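As the structure is a computational prediction, the values presented were derived from the model and not from experiment. A note on names: the letters A, B, ... follow the listed sequences, proteins ahead of strands, and every chain is numbered from 1. Heavy-atom basis, side chains included; hydrogens, waters and symmetry copies ignored.
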Protein chains: 2
Amino acid sequence: MTSTDGAPLRPTRQRRAVIDALASFDDFRSAQEIHDLLGRRGDPVGLATVYRTLQRLADAGEVDLLRTEDGEAIYRRCSDTHHHHLVCRSCGATVEVEGPTVERWTRAIAAEHGYDDVSHALEIFGTCAACRA
Amino acid sequence: MTSTDGAPLRPTRQRRAVIDALASFDDFRSAQEIHDLLGRRGDPVGLATVYRTLQRLADAGEVDLLRTEDGEAIYRRCSDTHHHHLVCRSCGATVEVEGPTVERWTRAIAAEHGYDDVSHALEIFGTCAACRA
DNA sequence: CGATGAGTTGACAATCGTTCTCAACTAGAC
DNA sequence: GTCTAGTTGAGAACGATTGTCAACTCATCG
């Protein structure tokens, strides 16, 4: 928990493998799915290591971490600017969206109630054009 | 999963106990905390029953279900209108907030990307006035 | 009142995602 | 090559949640 960050973070085969995997898909995947993917791909990485790596990346803000309805953690590489997700509830297709509107609104609402040091989590769910057909 | 709803839902001591417990606090609590609370209060209800009851209530929209950072489910009774939560990240104090701004924004963004049948989840975290001191 | 049957309960086992443990194993610095 | 701190993987451990199933509770009907 002491993300004192001083950690050097060595570039190992395993870390590279996980990062490569993340680069190979555009939707959110669970740690286990990524672990399986690596195994099938012939670049096996221990499950614990996958979890550890994903955790580090998430801490560093290099991947997004979401929770499915039943609390499972799912990951996806992401751009480093603050943004939200528009996720298709049937096929999982994800679009990163952003806009000052919500940012402003949440800050205002929080201030109004005396809350400080504000952050927020917003996910939008819908049915994408393809799935509607 | 077939929430055909036809279920009568008998008002038992246990169900009443859980509902009473929910009425006795204003922040989000985990199923286990509620289970403990009931035990201490001398109105013991089996853990499985607490989970089952909370689930039913959540399905019926009578309680809000949130996920903590580490994926644990936490519950709280709620008003039945659509709203969001402003949660103090240190003491858990919660304020229900709502406003047309976000609703409008999310719908617009979704439409812009061809997404239909939109819903969204927004939680705001911050430090409340009391905790800042 | 007693029989009946569907809904409900609770102790406990079972799942399943995730984290921990720890000895063996690097990657780089000297 | 030697050292040392960081890293890895197999498997155990954990913790929240769900499943199992026999006992129980109620409302209803005779």
Practice item. Answer with yes or no whether the side chains of A:Thr53 and A:Arg56 bring together a donor and an acceptor at under 3.5 Å. Key: no
Study note, to complete from the structure: Rounding to 0.5 Å, atoms NE2 (A:His120) and NE2 (B:His84) come to a distance of 11.5 Å
Review point. Could you state the interatomic distance from NE2 (A:His83) to CG (A:Asp64), rounded to the nearest 0.5 Å?
Key: 4.0 Å
Roughly, in whole Å, what's the span from [atom1] in [X] to [atom2] in [N]?
{"X": "B:Asp36", "N": "D:dA16", "atom1": "CG", "atom2": "P", "result": "10 Å"}
{"X": "A:Leu38", "N": "D:dG9", "atom1": "CG", "atom2": "P", "result": "10 Å"}
{"X": "A:Asp70", "N": "C:dT18", "atom1": "CG", "atom2": "C1'", "result": "14 Å"}
{"X": "B:His35", "N": "D:dT17", "atom1": "NE2", "atom2": "C1'", "result": "13 Å"}
{"X": "A:Glu72", "N": "D:dT17", "atom1": "CD", "atom2": "P", "result": "14 Å"}
{"X": "A:Ile74", "N": "C:dT18", "atom1": "CD1", "atom2": "C1'", "result": "16 Å"}
{"X": "B:Leu47", "N": "D:dG19", "atom1": "CG", "atom2": "C1'", "result": "13 Å"}
{"X": "B:Tyr51", "N": "C:dT9", "atom1": "OH", "atom2": "C1'", "result": "17 Å"}

Check the interface with nucleotides 25-30 of chain C: list each N/O to N/O pair with the protein under 3.5 Å, or write none.
{"residue": "C:dT26", "atom": "O2", "partner": "A:Arg10", "partner atom": "NH2", "Å": "3.2"}
{"residue": "C:dA27", "atom": "N3", "partner": "A:Arg10", "partner atom": "NH1", "Å": "3.3"}

Check your understanding: Considering only heavy atoms from C-beta outward, does the side chain of A:Tyr75 approach that of A:Val18 to under 4.5 Å?
Key -> no
Check your understanding: Do A:Ile74 and A:Ser30 have side chains that get closer than 4.5 Å, going by heavy atoms?
Key -> yes
Point to revise | C:dT19 OP1/OP2 closer than 4.0 Å to side-chain N/O of A:Gln55 | key: yes
Check your understanding: OP1, OP2 of D:dG15 versus side-chain N and O of B:Gln32: anything below 4.0 Å?
Key -> no
Review point. On DNA chain C, nearest-nucleotide positions of A:Ala31 versus A:Arg52: which is more 5'?
Key: A:Ala31
Check your understanding: Between B:Gly71 and A:Thr53, which is nearer to the 5' end of DNA chain D once each is assigned its nearest nucleotide?
Key -> A:Thr53
Review point. Can you pull the salt bridge (Lys or Arg N to Asp or Glu O under 4.0 Å) pairs that have at least one residue in residues 118-132 of chain B, sequence neighbours excluded?
Key: A:Asp116-B:Arg132
Exercise for review: Look at all strands and tell whether B:Glu33 reaches a base, only sugar-phosphate, or nothing, counting heavy atoms closer than 4.0 Å.
Suggested key: nothing
Check your understanding: Hey, does the side chain of B:Arg77 reach the backbone of B:Ile19 with a donor-acceptor pair shorter than 3.5 angstrom?
Key -> no
